[in-house]
Amino acid sequence: MTKEDPDTILLQQVQRLAAPPSGAEDDAPGAPERRAPWPRSRRAVRVAIAAVLVLATGIVSTAYLRDAAPAHSVSRQKLPPRTQQIRRGDLVTEVVAAGAVRYTGARSVKNHLTGIVTWAPSANGVIHQGKRLYSLDNKPVILLRGDIPAWREFKRGMPDGEDVRILERNLAQLGYTGFTVDEKFSSKTEAAVKEWQKNNGLPANGKIELGRVVFTPGPVRIQSAEVQAGDSVAPAQEVLKVTGFQHLVSAQIPANEQDLAVKGAKARIELPNGKSVEGTITSVGTEETTQDNKKVVPITVRPRSSRLLGELQSADVVVVLRRMEAKNVLFVPVTALLPSQGGGFAVQLMQNNRATVVNVKTGAFADGRVEITGPAIVEGARVGVPRL
């Protein structure tokens, strides 16, 4: 006995149901009692045909969908408690560390005179070329610009030297001229010194004793005064701590993240007021261990601009180092990932208010987000996430 194809059997059943009842065509005209039941029978047959056609369509459709099923796994799921959109953007790894603000050019100013302090500057004050740093016995100690210390007394007949050139250059820049800027302290230099002394309340004798002027590379900011009015001071005693004006930020990052700490790499400095300043890593130290036994690497960051940092001098800034993991990719929260039955990962994709599990391929991870790709993964679609 030959086994017939199920589709052929189904077609034959439909044809039999669609045929009119036996003898209906042979009924004699004018016999309504024989023909009256036919419309009711015809309606019944139509209903039966429709039912069979629906059944047949379902069987055929199921077979078609089974043959055309996508390669990725899809299954119906319960609706998730929350959803989030699939977004497009850059994935960046960030390392955050507490930072302390300090200034470049920190140095001590030592006194080389003997006397009583009659004036000392306030912290954060700025002293410029030709202005007093502090006063002893009511006479100023004056700041001049120079790259070497003022190390001896200036007077006519002294040996030539670079320090003389620095003194003469300062006098000329402050408006005291009439001499040639060179390494020789001449009579014309002496005359300019006397005028300068007179204008600053000093004895106009043409001599500048050791300690009356202090050379620094430029203006200084007062970090702190180590003496106050009324204190007696002696030669070699520290009187001031000064700095330059450029801010630096020191921080310690975890040793396991030191690949982000590269000299010349960019960093972001976040301020207490919510603003931020971009900066550059200028130095990277060697690994060390903190008091709480954590391994860290010290770094120094120079901000692009010091304007926003103002007078910050505390450890309440935050240094953020960043590394680009992937650019312009589709990503979801890492918590959206589910284990796939065939290995790898899947997500619970929302479509027409239905949740289906769809296999995905993962890429870069950064900051709690993960890159995903797959046939059904498009920007703006929503995926299920747990309620944390």
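Index from 1, following the sequence. Just so it is clear, the model here is predicted, and its values are computed rather than measured. Basis for what follows: all heavy atoms, side chains included, without hydrogens, waters or symmetry-related copies.
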Undergrad: Flag the pair Glu168 / Asp182 as yes when at least one side-chain heavy-atom distance between them is below 4.5 Å, and no otherwise.
TA: yes

Undergrad: For the CG atom on Asp292, are there more than 12 heavy atoms of other groups (residues, nucleotides or ligands in this structure) within a distance under 6.0 Å?
TA: yes

Undergrad: With the threshold set at 4.0 Å, does a side-chain nitrogen-carboxylate oxygen contact exist between Arg165 and Asp160?
TA: no

Undergrad: Within the distance-only criterion (no hydrogens, no angle test), does the side chain of Asp90 pair as donor or acceptor with the backbone N or O of Asn328 below 3.5 angstrom?
TA: yes

Undergrad: When you look at Thr118 and Leu136, which way does the side chain to side chain contact (heavy atoms under 4.5 Å, CB included) test go after all the steps?
TA: CA-CA 6 Å; Thr118 52; Leu136 292 181; 5.8 Å; no

Undergrad: Measure the spacing between OH of Tyr103 and CZ of Phe245 and express it to the nearest 0.5 Å.
TA: 9.0 Å

Undergrad: Between the main-chain N or O of Ala234 and the side-chain N or O of Asn111, is there a donor-acceptor pair closer than 3.5 Å?
TA: yes

Undergrad: Tell me who clusters with Leu167, hydrophobic residues only, linked when side chains sit under 4.5 Å apart either directly or through other members.
TA: Ile142, Leu144, Ile148, Phe154, Met158, Val164, Ile166, Leu171, Leu174, Tyr176, Phe179, Val181, Phe185, Val193, Trp196, Leu202, Ile208, Val213, Phe215

Undergrad: Using a strict 4.0 Å threshold on nitrogen-to-oxygen distance, state whether Arg88 and Glu379 make a salt bridge.
TA: yes

Undergrad: With side chains defined as the heavy atoms from C-beta onward, is the minimum distance between Val249 and Thr300 less than 4.5 Å?
TA: no

Undergrad: Are side-chain heavy atoms of Glu94 and Arg268 found at a separation under 4.5 Å?
TA: yes

Undergrad: Backbone N or O of Pro81 within a donor-acceptor pair of the Arg387 side chain at under 3.5 Å?
TA: yes

Undergrad: If you look at every heavy atom in Gly218 and Arg145, which pair is closest and at what distance?
TA: CA-NE, 3.8 Å

Undergrad: Could you measure the distance from the CD atom of Gln129 to the OG1 atom of Thr216? Nearest 0.5 Å is fine.
TA: 9.0 Å

Undergrad: Give the minimum heavy-atom separation between Ile281 and Ala261, together with the two atoms involved.
TA: CD1-CA, 4.0 Å

Undergrad: For residues Thr280 and Arg302, is any side-chain donor paired with an opposing acceptor at under 3.5 Å?
TA: no

Undergrad: In terms of side-chain geometry, is the basic nitrogen of Glu209 or Arg212 positioned less than 4.0 Å from the acidic oxygen of its partner?
TA: yes

Undergrad: Just wondering, do Gln237 and Lys110 contact through their side chains at under 4.5 Å, heavy atoms?
TA: no

Undergrad: Within the structure provided, determine whether Leu337 and Ile372 are in side-chain contact (heavy-atom separation under 4.5 Å).
TA: yes

Undergrad: So which atom in Val126 and which in His128 form the shortest heavy-atom distance, rounded to 0.1 Å?
TA: CG1-NE2, 3.4 Å

Undergrad: Val220 and Val117: same hydrophobic cluster, using ILVMFWY side-chain contacts below 4.5 Å?
TA: yes

Undergrad: Do Val141 and Val227 land in one hydrophobic cluster if side-chain heavy atoms of ILVMFWY residues count as linked below 4.5 Å?
TA: yes

Undergrad: For residues Val301 and Ile269, determine if any side-chain heavy atom of one lies less than 4.5 Å from a side-chain heavy atom of the other.
TA: yes

Undergrad: Could you measure the distance from the CZ atom of Arg221 to the CD1 atom of Ile127? Nearest 0.5 Å is fine.
TA: 12.0 Å

Undergrad: Answer yes if Val329 and Phe365 sit in the same cluster of Ile, Leu, Val, Met, Phe, Trp and Tyr residues linked by side chain heavy atoms under 4.5 Å apart, and no otherwise.
TA: no

Undergrad: Looking just at side-chain N and O atoms, do Thr93 and Glu325 make a donor-acceptor pair shorter than 3.5 Å?
TA: yes

Undergrad: Please walk me through it: do Ser283 and Lys263 pass side chain to side chain contact (heavy atoms under 4.5 Å, CB included)?
TA: CA-CA 6 Å; Ser283 67; Lys263 186 176 180 179; 5.8 Å; no

Undergrad: Drop me the distance from Trp151's CH2 to Leu210's CG, to the nearest 0.5 angstrom.
TA: 10.0 Å

Undergrad: Would you confirm whether Thr290, through its side chain, and Lys294, through its main-chain N or O, come within 3.5 Å as a donor-acceptor pair?
TA: yes

Undergrad: Applying side chain to side chain contact (heavy atoms under 4.5 Å, CB included) to Arg102 and Ser250, what does each step give before you reach the verdict?
TA: CA-CA 8 Å; Arg102 59 185 176 87; Ser250 300; 2.9 Å; yes

Undergrad: Minimum heavy-atom separation for Asn200 and Pro140, please, with both atom names.
TA: O-CG, 3.4 Å

Undergrad: Any chance you could measure Lys139, atom NZ, to Arg132, atom CZ, to the nearest 0.5 Å?
TA: 13.5 Å

Undergrad: What heavy-atom pair brings Gln348 and Pro80 nearest, and what distance separates the two atoms?
TA: OE1-CB, 3.4 Å

Undergrad: Does the pair Lys207/Glu190 count as a salt bridge with the N-to-O cut at 4.0 Å?
TA: no

Undergrad: Can you find a pair of side-chain heavy atoms, one from Leu91 and one from Glu371, that are under 4.5 Å apart?
TA: yes

Undergrad: Above 12 or not: heavy atoms from other molecules or residues under 6.0 Å from CG of Asn138?
TA: no

Undergrad: Among the clusters formed by ILVMFWY side chains lying less than 4.5 Å apart, do Val92 and Val318 turn up in the same one?
TA: no

Undergrad: Can a donor-acceptor pair be found, under 3.5 Å and without considering hydrogens, that links the side chain of Asp137 to the backbone of Ile116?
TA: yes

Undergrad: Counting neighbours of CZ on Arg152 that are heavy atoms of other residues, nucleotides or ligands and sit closer than 6.0 Å, is the number greater than 12?
TA: yes

Undergrad: Do Val357 and Val347 have side chains that get closer than 4.5 Å, going by heavy atoms?
TA: no

Undergrad: I'd like to know whether Val385 forms a side chain to side chain contact (heavy atoms under 4.5 Å, CB included) with Gln84, so could you lay out the CA-CA distance, the side-chain angles of the two residues, the decisive distance to 0.1 Å, and finally the verdict.
TA: CA-CA 7 Å; Val385 293; Gln84 285 198 18; 4.1 Å; yes

Undergrad: Would you say Val277 ends up clustered with Val317 if hydrophobic residues are merged whenever their side chains have heavy atoms under 4.5 Å apart, either directly or through other cluster members?
TA: yes

Undergrad: For Glu270 and Ser276, what are the C-alpha separation, side-chain angles and deciding distance, and is it a side-chain hydrogen bond (donor to acceptor under 3.5 Å, both in side chains)?
TA: CA-CA 4 Å; Glu270 297 182 348; Ser276 63; over 6 Å; no

Undergrad: Calculate, to the nearest 0.5 Å, the distance between atoms CE and CZ belonging to Met350 and Arg382 respectively.
TA: 9.0 Å

Undergrad: Checking Ser224 against Glu226: is there a side-chain donor and acceptor pair closer than 3.5 Å?
TA: yes

Undergrad: Through direct or indirect side-chain contacts below 4.5 angstrom among Ile, Leu, Val, Met, Phe, Trp and Tyr, which residues connect to Val296?
TA: none

Undergrad: Which pair of heavy atoms, one from Pro121 and one from Ala225, lies closest together, and at what distance?
TA: O-CB, 3.7 Å

